[in-house]
Amino acid sequence: MTFRPLGETPCSVLGLGTGMLASVSAGLSNTARLRLLETATESGINLLDTADSYAQGDCERFLGGALRGRRDRFLLATKAGFQFTSLGGLARLVKPLARGAIQRLHSTRALFTRAREGAIAHGARSQNFSAEHIAQCLDASLRRLLTDRVEVFFLHNPPVEALRDERLIAALNGAVRAGKTLRFGVSTPEPAVLAAALEMPGASALEVPLHPGAVAATDPLLAQAAARGFAIFGNQLSYSGKLLRPMSVESDDCIAPRAEVARLAAAEGISPHHLLLKFALAQPGVTAVLTGTTNPAHLRENVADALSPTVLSPATLAALQAAHGFPA
């Protein structure tokens with residue numbers, strides 16, 4: 001594995017995003033989750049990215065148990081800001097039944113996913129970035145993760161005004177002084193929020209989409225972040241998979257960008273996924289990129305792509321950087 005510095009600590013250039021690890025809709029057994037984590041460990045990955053909202057805290061609970069006795073071998077990043085309403089709490093009660101049904105009947109997965117998305121759309125989840133709530137969330141995450149600190153603590157998709165709240169800023173800096181997190185920052189796809197994060201006293205980490213369209217929209221801001229020593233983690237390398245779909249799929253806004261990615265990948269002699277991963281890793285100041293796969297074989301392929309000696313040609317980087325027609 002290749003490592004880049006996270007402060008004074010080496011961080012693997014590929015991190016494991018755990019958004020689906022404990023999700024009911026993923027249909028993974030505990031054995032399968034452990035197998036994926038072991039594949040990451042064997043591949044040299046030491047960065048694990050999670051959030052208190054992933055599977056309503058179950059992802060953090062799983063990681064806390066799985067890392068017992070070897071916590072110091074890993075770098076943990078978690079997020080907070082979302083909270084579940086009573087409707088979300090009801091969904092949590094039926095999760096054990098849903099998990100069993102999905103594992104027995106694969107077709108149940110899509111049904112549960114649609115139900116979950118509908119519940120969120122109808123208010124099962126809201127946001128709260130008050131200083132008190134965020135401090136409580138960090139403490140709760142530490143309890144679930146069975147640790148006394150996380151390496152990075154992110155505000156999860158906050159609005160701009162939250163980043164100007166002096167009480168929240170004081171609470172986050174207090175968490176750093178108390179050793180509960182080594183650094184804090186913002187996870188966001190929004191350029192305006194990213195710009196506000198750069199002016200937030202004490203902030204030193206960002207998690208942002210790094211597909212070509214997003215980079216085109218945020219490139220000057222990412223350059224500023226890199227110059228200021230921010231840790232930068234990349235997600236959404238393929239625009240939620242839309243840039244990797246077969247060309248026969250015509251029901252989204254990525255037909256032309258998908259064709260461009262396929263053309264450039266063929267010119268480089270690599271897969272489209274390999275191309276997008278190398279593009280993300282080539283961005284100045286990037287600490288690591290995250291892969292959210294739940295398939296051990298796919299994870300090993302991602303590691304091989306990340307560690308390959310492939311260097312994208314200047315023409316390919318320029319074509320992707322221009323990102324004409326790519327959604328931001």
Side-chain angles (χ1 to χ4, degrees), residues 6-7 9 18-19 48-57 59-61 63-64 75-89 92 120 123-209 218 221-222 224-233 235 285 287:
L6 180 62
T9 306
T18 63
L48 304 177
D49 177 83
T50 189
D52 64 355
S53 60
Y54 292 170
Q56 297 176 301
C59 187
E60 290 181 330
R61 293 184 185 92
L63 290 174
L75 306 177
L76 294 178
T78 195
K79 314 177 194 71
F82 286 101
Q83 61 183 7
F84 291 92
T85 64
S86 56
L87 180 59
R92 178 168 174 76
I120 290 174
R125 191 173 69 174
S126 61
Q127 287 187 298
N128 185 345
F129 290 99
S130 70
E132 295 81 5
H133 179 71
I134 292 301
Q136 292 168 3
C137 286
L138 176 55
D139 287 342
S141 287
L142 295 179
R143 288 193 296 271
R144 286 189 290 267
L145 289 164
L146 302 179
T147 187
D148 61 351
R149 91 286 177 193
V150 290
E151 278 67 31
V152 190
F153 182 61
F154 288 113
L155 300 179
H156 201 174
N157 291 353
V160 168
E161 55 268 23
L163 307 190
R164 298 170 180 156
D165 183 340
E166 292 182 358
R167 295 183 70 247
L168 176 59
I169 292 170
L172 291 169
N173 281 286
V176 173
R177 289 192 298 272
K180 294 181 179 182
T181 183
L182 301 188
R183 62 177 66 210
F184 71 86
V186 173
S187 174
T188 180
E190 300 294 335
V193 177
L194 175 56
L198 294 179
E199 305 306 320
M200 191 179 187
S204 61
L206 299 172
E207 185 172 306
V208 294
T218 61
L221 296 170
L222 291 179
Q224 291 180 42
R228 297 182 190 185
F230 273 63
I232 301 174
F233 301 113
N235 59 24
T287 305

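FYI, the numbering just counts along the sequence from 1. Computation of the quantities below employed the complete heavy-atom set of this structure, encompassing side-chain atoms and omitting hydrogens, waters and symmetry-equivalent molecules.
- In this view, Ala80 and Asp52, Ile134, Cys137, Phe153 satisfy the side chain to side chain contact (heavy atoms under 4.5 Å, CB included) rule, not counting sequence neighbours.
- Looking at residues two or more places apart in sequence or on another chain, you find a side-chain hydrogen bond (donor to acceptor under 3.5 Å, both in side chains) between Arg144 and Glu60.
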From CA spacing to verdict: side-chain contact (heavy atoms from CB on, under 4.5 Å), Leu206, Phe233: CA-CA 6 Å; Leu206 299 172; Phe233 301 113; over 6 Å; no

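- Judged as a side chain to side chain donor-acceptor pair (under 3.5 Å), the pairs with a partner in residues 179-194 (not counting sequence neighbours) are, in order, Asp139-Lys180.
- Going from atom CG of Leu182 over to atom OG1 of Thr9 covers 7.0 Å, rounded to the nearest 0.5 Å.
- The side chain to side chain contact (heavy atoms under 4.5 Å, CB included) test with Leu163 singles out one residue from Val186, Leu168, Leu194, Ile169, and that residue is Val186.
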side-chain contact (heavy atoms from CB on, under 4.5 Å) between Leu138 and Val150, worked out: CA-CA 9 Å; Leu138 176 55; Val150 290; 4.2 Å; yes

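- Among residues two or more places apart in sequence or in another chain, the side chain to side chain contact (heavy atoms under 4.5 Å, CB included) test is passed with Ala135 by none.
- Legend: residues meeting side-chain hydrogen bond (donor to acceptor under 3.5 Å, both in side chains) with Arg167, ordered by chain and number and at least two apart, are Glu132.
- Between the side chains of Thr18 and Thr50, at least one donor-acceptor pair of N or O atoms lies under 3.5 Å.
- Rounded to the nearest 0.5 angstrom, Gln83 CD and Gln127 CD are separated by 9.0 Å.
- Partners of Ala203 under the side chain to side chain contact (heavy atoms under 4.5 Å, CB included) rule, at least two apart in sequence or in another chain, are Phe184, Met200, Phe230.
- With rounding to the nearest 0.5 Å, the separation of OG in Ser53 from CG in Asn157 is 9.0 Å.
- In this structure, the side chains of Leu221 and Val208 stay at 4.5 Å or more apart for every pair of heavy atoms.
- Between Ala162 and Pro158 the shortest heavy-atom distance is CB-CB, 4.3 Å.
- Every pair tested for salt bridge (Lys or Arg N to Asp or Glu O under 4.0 Å) that includes a residue from residues 155-165 fails, sequence neighbours excluded, so the list is empty.
- Every residue two or more places apart in sequence or in another chain that forms a side-chain hydrogen bond (donor to acceptor under 3.5 Å, both in side chains) with Glu199 is listed here: Arg228.
- To the nearest 0.5 Å, the span separating OG1 on Thr147 from CZ on Arg149 amounts to 4.5 Å.
- Every residue two or more places apart in sequence or in another chain that forms a ring pair (Phe, Tyr, Trp, His ring centres under 6.0 Å) with Phe82 is listed here: His156.
- The shortest side-chain heavy-atom distance between Leu75 and Leu6 falls under the 4.5 Å cut-off.
- With sequence neighbours left out, the side-chain hydrogen bond (donor to acceptor under 3.5 Å, both in side chains) criterion links Asn235 to Glu207.
- For the pair Pro159/Val193, no side-chain contact is recorded, criterion being any heavy-atom separation below 4.5 Å from C-beta on.
- Here the closest non-hydrogen pair linking Ala131 and Ala171 is CB-CB, 4.1 Å.
- Annotation: the span from Ser204 atom OG to Leu198 atom CG amounts to 11.5 Å, rounded to 0.5 Å.
- Taking Asp49 as the reference, Lys79 meet the salt bridge (charged side-chain N to carboxylate O under 4.0 Å, His left out) condition, with sequence neighbours excluded.
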